[in-house]
Amino acid sequence: MRADNVEVSWDSAKSKWLIRIQAGEEVIRRHCDAAKNADDPALRAAAQKTVQDEGYELDAALITIRR
């Protein structure tokens with residue numbers, strides 16, 4: 001299956017990065033233990049791994065990082 005959109009943002013309530021995967025109407029939220037000051041390539045790699053773990057495919061260039 002193909003994910004339509006993946007967004008990575010900081011969840012201040014949990015003090016972790018939140019990876020939001022959207023595929024059609026379905027939205028999956030997973031937290032990541034990367035450091036708050038992690039660089040973009042590290043966040044993209046974590047998001048890509050999470051997407052694959054959930055059984056989806058996605059081009060890493062389509063991952064949005066919100067700081």
(request) Please list, chain by chain and in numerical order, all residues satisfying salt bridge (Lys or Arg N to Asp or Glu O under 4.0 Å) with Glu7, sequence neighbours excluded. (result) Arg66
(message) Test of understanding: with salt bridge (Lys or Arg N to Asp or Glu O under 4.0 Å), list the residues that count as partners of Arg30, not counting sequence neighbours.
(response) Glu54
(request) Go through the structure and list residues passing side chain to side chain contact (heavy atoms under 4.5 Å, CB included) with Gln52, not counting sequence neighbours. (result) Gln48
(request) Would you mind telling me which of Glu26, Arg20, Glu25 makes a side-chain contact (heavy atoms from CB on, under 4.5 Å) with Gln22? (result)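 Only one option passes, and that is Arg20.
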(request) Kindly work out whether a path of hydrophobic side-chain contacts (I/L/V/M/F/W/Y, heavy atoms less than 4.5 Å apart) joins Val51 to Leu18. (result) no
(message) If you apply the rule side-chain contact (heavy atoms from CB on, under 4.5 Å), what do you find for Ile19 with Val6, and how did you get there?
(response) CA-CA 7 Å; Ile19 300 170; Val6 176; 4.0 Å; yes
(request) Please collect all ring-ring contact (aromatic ring centres under 6.0 Å, His included) contacts where either partner lies in residues 1-29, sequence neighbours excluded, each pair once. (result) Trp10-Trp17
(request) Scan for ring-ring contact (aromatic ring centres under 6.0 Å, His included) pairs involving residues 42-67, sequence neighbours excluded, and state none if there are none. (result) none
For [X], which residues count as a side-chain hydrogen bond (donor to acceptor under 3.5 Å, both in side chains) partner, sequence neighbours excluded?
X     : answer
Asp4  : none
Asp59 : none
Asp40 : Arg67

(message) Using a 4.5 Å cut-off between side-chain heavy atoms of Ile, Leu, Val, Met, Phe, Trp and Tyr, which other residues end up in the same hydrophobic cluster as Val27?
(response) none
(message) Ignoring hydrogens, what is the shortest heavy-atom contact between Ile21 and Ala3? Give both atom names and the distance.
(response)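 Where Ile21 meets Ala3 most closely, the heavy atoms are CG2-CB, 3.9 Å.
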(message) Looking at every heavy atom in both Arg44 and Ile63, which two are closest together, and how far apart are they?
(response) NH1-O, 2.6 Å
Ignoring hydrogens and angles, write down the donor-acceptor pairs under 3.5 Å from the side chains of residues 31-39, residues two or more places apart or on other chains.
{"unit_1": "His31", "atom_1": "NE2", "unit_2": "Asp11", "atom_2": "OD2", "d": "2.9"}
{"unit_1": "Asp33", "atom_1": "OD1", "unit_2": "Lys16", "atom_2": "NZ", "d": "2.9"}
{"unit_1": "Asp39", "atom_1": "OD1", "unit_2": "Ala42", "atom_2": "N", "d": "3.2"}

